[in-house]
Protein chains: 2
Amino acid sequence: MTIKDIAKMAGVSVAAVSRYFNGGSLSDEKREIIQKIVEENNYVPNAMAQTMRTGKSGNIGVIVPRLDSESFAQIMAGIADEVEKINYTVILGVTDNKKEKEIYYIEQMEKSKMDGIILMGTYMTPHLKTTLEKCSIPIVVTGQHFKGVPSVFYDDKSAMYDITKLMLKSRKHIAFIGAPSIDRAAGKMRKEGVEKALEEAGIDKKSLIAYESDFTIDGGYETMKKILKSHKKVDGVICATDRMAHGAMLAIREAGKNIPDDISITGVGDSWGDKISSPQLTTVQLYYKKCGQTAVNLLWGLMKGESDSHLISKVMLGYSIIERGSV
Amino acid sequence: MTIKDIAKMAGVSVAAVSRYFNGGSLSDEKREIIQKIVEENNYVPNAMAQTMRTGKSGNIGVIVPRLDSESFAQIMAGIADEVEKINYTVILGVTDNKKEKEIYYIEQMEKSKMDGIILMGTYMTPHLKTTLEKCSIPIVVTGQHFKGVPSVFYDDKSAMYDITKLMLKSRKHIAFIGAPSIDRAAGKMRKEGVEKALEEAGIDKKSLIAYESDFTIDGGYETMKKILKSHKKVDGVICATDRMAHGAMLAIREAGKNIPDDISITGVGDSWGDKISSPQLTTVQLYYKKCGQTAVNLLWGLMKGESDSHLISKVMLGYSIIERGSV
DNA sequence: AACTAAAGTGTAATCGTTTTCAATTTAAAT
DNA sequence: ATTTAAATTGAAAACGATTACACTTTAGTT
């Protein structure tokens with residue numbers, strides 16, 4: 001069933017049928033007859049042919065490191081939501097945290113005529129930078145704040161600043177379990193937030209007991225064991241992610257200490273696990289879903305060519321501190 | 001940069017260049033010159049034009065109810081893995097648990113020339129049945145076992161049978177928090193597994209205290225409160241999913257009872273939360289990732305037309321019982 | 001009534017490939 | 001040296017839409 005068949009059945013030209021779908025001057029008389037035939041035959045124009053002719057695919061490429069992470073999955077959910085509203089389709093690329101794959105997907109997606117790309121959870125490298133610069137279709141980055149690239153990101157620093165201040169109300173000897181510092185947002189900025197709060201409280205940031213771990217429960221667990229062994233005085237642990245926090249809680253409990261009586265602890269993310277641990281975890285809620293939705297909206301603007309090309313858009317998302325029992 | 005340009009530069013016909021990419025008789029001489037030109041210009045054939053001409057898109061459609069669920073995300077991860085290996089691309093459709101959207105996506109994907117479809121986590125309805133029958137491209141269903149539809153599913157019944165037997169070693173008065181029975185796999189089959197173990201132990205299945213809940217932590221929590229109120233003797237709770245189990249644990253703890261001394265509890269899924277609750281949750285591990293991978297492989301066979309059309313393929317996945325502290 | 005602008009219409013070119021078909025070249029067999 | 005079969009080749013016709021262009025009709029002015 002092609003546009004030709006419909007045209008023939010309706011007794012009009014293919015141009016008329018095309019105009020029926022895409023707008024263009026068309027008499028009511030023809031509009032009606034075409035509508036009738038189209039509905040009777042349940043005809044839908046062939047998407048591939050349209051893409052081929054127009055150069056627009058109706059597809060938005062989404063590049064994500066992993067799907068089995070609560071935060072990415074939530075952002076994806078937000079993206080899917082919003083993409084559907086503008087009647088586009090999501091094309092997925094999973095990089096498995098491999099930098100080459102990220103670049104491969106960007107190039108691939110450009111070639112297969114995606115109308116836009118959303119790039120999630122990555123860090124900048126020279127190669128990525130040139131790829132981004134070369135890329136001819138709009139790209140939005142989430143979770144990070146890259147110079148010159150439209151992005152939607154969290155206020156990591158302020159969030160950590162706030163939660164650290166909360167911790168400092170009752171605690172003095174703080175340890176920090178951070179994310180890899182190559183990750184500007186989750187690594188560097190979160191640590192800076194902690195340090196800022198510390199300094200403001202008159203504590204030299206040099207004295208902060210800071211470790212870097214790897215986002216996992218096990219990583220948090222092992223790191224906490226180290227801390228417990230060599231820093232007996234620690235009475236508050238700030239973690240850059242919930243999972244690491246939960247790993248740390250395991251280690252603390254294993255050491256026979258009570259949370260929060262002996263040691264307080266905080267995370268970031270507001271995962272569902274936070275509600276089922278005992279005590280429940282005090283954490284900062286980041287608006288993941290909103291992040292995905294916003295990314296699509298931003299991209300949509302770019303795709304429509306709305307935004308002034310000089311005005312690179314950035315959106316910084318808010319956050320909430322969720323106080324539970326762990327502090 | 002089109003095939004025409006390449007042909008001109010190489011001094012051959014477009015047919016030759018096409019043969020270079022797709023196989024077809026071609027002299028070594030031409031093959032070399034074409035290769036040279038292609039590499040120099042970094043030329044890649046336009047995917048849309050290929051689809052248009054061949055009717056094959058290189059795309060596999062994946063329809064999923066939600067992304068922000070650990071199990072679906074894991075299956076997706078497995079799918080993405082495997083799809084990449086066969087050099088296909090994933091097109092995503094999120095139904096938000098809406099039946100109409102499911103059908104909409106199936107039809108849409110058929111029209112936009114997906115080469116295959118994977119349909120996740122759904123239940124059968126008459127409308128879905130006819131849609132499936134009408135659909136001209138291969139479809140694989142995961143997590144459910146539908147008659148006449150190729151599917152990859154878990155051995156839900158045996159899994160529940162096993163974990164119930166484990167529970168029965170030390171407990172007598174069992175309650176069951178189930179999933180909606182409209183869901184054949186997670187609802188009906190899991191309950192049947194529990195019942196089978198009960199009967200085998202000489203307990204009338206009619207006496208099973210069985211409730212239906214909704215997959216959520218809150219659902220588990222509320223249901224458990226009801227049980228605690230009206231069935232004081234219950235000393236073992238079997239839950240159809242981890243999240244409901246965690247909700248139930250909250251309610252049990254809140255009632256001042258100890259797990260597992262007063263009440264034992266089990267879940268299904270082996271979520272990461274199971275390791276951080278106290279006690280850790282005894283559960284059955286389903287191989288989600290493997291499920292996704294298998295679904296792609298099965299689909300791939302179907303797509304290649306390998307499988308005899310009379311021989312509808314089914315794959316039943318194994319499971320493991322993970323014993324932790326909650327029993 | 002005559003003229004003009006606007007709206008409605010169809011033909012045919014086009015997008016970038018693959019593939020059929022017939023023509024040509026090469027190699028093998030007599 | 002012929003004949004026959006096999007391998008190479010390119011021209012041109014698809015695939016299914018959109019759209020520029022030119023033509024016809026309609027409506028609006030004077």
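Quick note on labels: first sequence line is chain A, next is B, and so on, each numbered from 1. This one's a predicted model, so the numbers in the text were calculated from it and none came from an experiment. Below, each value reflects all heavy atoms present in this structure, side chains not excepted, and no hydrogens, waters or symmetry copies.
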Exercise for the section: Determine whether B/M76 and A/M76 make a side-chain contact, defined as any pair of heavy atoms from C-beta on separated by less than 4.5 Å. Expected result: no
Completion exercise
Paired with B/T122, the side chain to side chain donor-acceptor pair (under 3.5 Å) test is passed by just one of B/K99, B/Q144, B/R184, namely B/K99
Exercise for the section: Report yes if at least one side-chain N or O of B/S13 is closer than 4.0 Å to OP1 or OP2 of D/dG10; otherwise report no. Expected result: yes
Practice task
Flag yes if more than 12 heavy atoms outside B/E40 fall under 6.0 Å of its CD atom; otherwise flag no.
Solution key: yes
Exercise for the section: Using a cut-off of 6.0 Å, state whether more than 12 heavy atoms not belonging to B/E100 lie near its atom CD. Expected result: yes
Exercise for the section: Answer yes or no: is there a donor N or O on one side and an acceptor on the other, between the side chain of A/D115 and the main chain of A/G58, under 3.5 Å? Expected result: yes
Problem - A/T294 (side chain) donor-acceptor with A/K290 (main chain) under 3.5 angstrom - result: yes
Exercise for the section: Determine, for nucleotides 14-26 of chain D in 5'-to-3' order, which nucleotides have protein heavy atoms under 4.0 Å from the base (write B), from only the sugar-phosphate (write S), or from neither (write -). Expected result: BBBBBB-------
Handout entry: Contact boundaries on DNA chain C for chain A, cut-off under 4.0 Å to non-hydrogen atoms
Key = C/dG8 to C/dG16
Handout entry: Check: A/S136/A/E110 side-chain N/O donor and acceptor closer than 3.5 Å
Key = yes
Handout entry: Ion pair check, B/K36 and B/E32, cut-off under 4.0 Å
Key = no
